[in-house]
2 protein chains.
Amino acid sequence: MADEKKKQRTTVSIYGQPYTVVGNEPPSHVKEVAQHVDQKMREIKKRNPYLDTTRLAVLTAVNVVDEYKKLEKEHKALLEKQSNQHSALGEDSDA
Amino acid sequence: MADEKKKQRTTVSIYGQPYTVVGNEPPSHVKEVAQHVDQKMREIKKRNPYLDTTRLAVLTAVNVVDEYKKLEKEHKALLEKQSNQHSALGEDSDA
């Protein structure tokens, strides 16, 4: 749609393979994300040298989702804490 | 070490393959994480039917890291906002 023209193609290297990512994110962000995945894969491979690349990539995704869910929990707790503080201070909700 | 006895083995199925995850997390958490990865893989496969499983798994990891980094940014901004509010209220840092 209207977004189409903003789409950028960024080619990155992950675990020795090229990947072209299409999206609205700046190349610097895509590269940072790719580097994170590459690093995680190498870390997990070091601990599990017998893993083939598919299983390695799946376990990398598992690790990252695990971290995501933990951060999500922290984030929700913080949002809740903040909303309680606002109520205690008698703030309006239209801030 | 001392942690060793707390380690649990949980076997999950991701994209039709069994994975045994060893860690301190309860099986319910591991299963939730695995289900999230499985679902993401199937979503991405639907959009890119030509992808082989390794590339699909790597792109799944890329997607999840992308989401993680976005949430991390939000979380840091919220922490900062909160710390500024505390300063404004003259709170001690020993809360």
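Chain letters run A, B, ... following the sequence lines, proteins first and then strands; every chain starts at 1. Just the heavy atoms: all of them, side chains too, but no hydrogens, waters or symmetry mates, feed the values below.
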J.: Would a 4.5 Å heavy-atom cut-off, applied to side chains only, mark Gln82(B) and Leu78(B) as touching?
T.: no
J.: Are side-chain heavy atoms of Lys40(B) and Glu67(B) found at a separation under 4.5 Å?
T.: yes
J.: Taking side chain as everything from C-beta outward and backbone as N, CA, C, O, which of these in Glu25(A) sits under 4.5 Å from a heavy atom of chain B? Side chain, backbone, both or neither.
T.: side chain
J.: Using a 4.5 angstrom heavy-atom cutoff, name the option from Leu79(B), Val65(B), Val12(B) with the most pairs to chain A.
T.: Val65(B)
J.: Report which part of Ile14(B) has an atom under 4.5 Å of a heavy atom belonging to chain A: side chain, backbone, both, or neither.
T.: side chain
J.: Name the member of Leu59(A), Thr60(A), Val64(A), Leu71(A) that forms the most heavy-atom pairs with chain B at distances under 4.5 Å.
T.: Leu71(A)
J.: Between Val21(A), Val33(A), Asn63(A), which residue shows the highest count of heavy-atom pairs closer than 4.5 Å to chain B?
T.: Val33(A)
J.: Above 12 or not: heavy atoms from other molecules or residues under 6.0 Å from NZ of Lys45(A)?
T.: yes
J.: With a 4.5 angstrom heavy-atom cut-off, which part of His36(A) approaches chain B: side chain, backbone, both or neither?
T.: side chain
J.: Do Asp66(B) side-chain atoms and Val62(B) backbone N/O form a donor-acceptor pair below 3.5 Å?
T.: no
J.: Any chain of hydrophobic side-chain contacts (each under 4.5 Å) joining Tyr50(B) to Tyr19(A)?
T.: yes
J.: In terms of heavy-atom pairs under 4.5 Å, which option from Arg55(A), Lys81(A), Lys69(A) contacts chain B the most?
T.: Arg55(A)
J.: Using modelled atom types only, decide if a donor and an acceptor are shared between the side chain of Asp38(B) and the backbone of Ala34(B) within a distance under 3.5 Å.
T.: no
J.: Can you find a heavy atom in the side chain of Asn24(B) that is under 4.5 Å from one in the side chain of Gln8(B)?
T.: no
J.: Taking side chain as everything from C-beta outward and backbone as N, CA, C, O, which of these in Leu56(A) sits under 4.5 Å from a heavy atom of chain B? Side chain, backbone, both or neither.
T.: neither
J.: When only pairs under 4.5 Å are counted, which of Glu74(B), Glu72(B), Gln17(B) shares the most heavy-atom pairs with chain A?
T.: Glu74(B)
J.: With no hydrogens and no angle check, do the side chains of Thr20(B) and Thr11(B) hold a donor and an acceptor under 3.5 Å apart?
T.: yes
J.: With chain A as the partner, which of Asp52(B), Val37(B), Val58(B) has the greatest number of non-hydrogen pairs under 4.5 Å?
T.: Val58(B)
J.: Relative to chain B, which segment of Lys70(A) carries a heavy atom at a distance below 4.5 Å: side chain, backbone, both, or neither?
T.: side chain
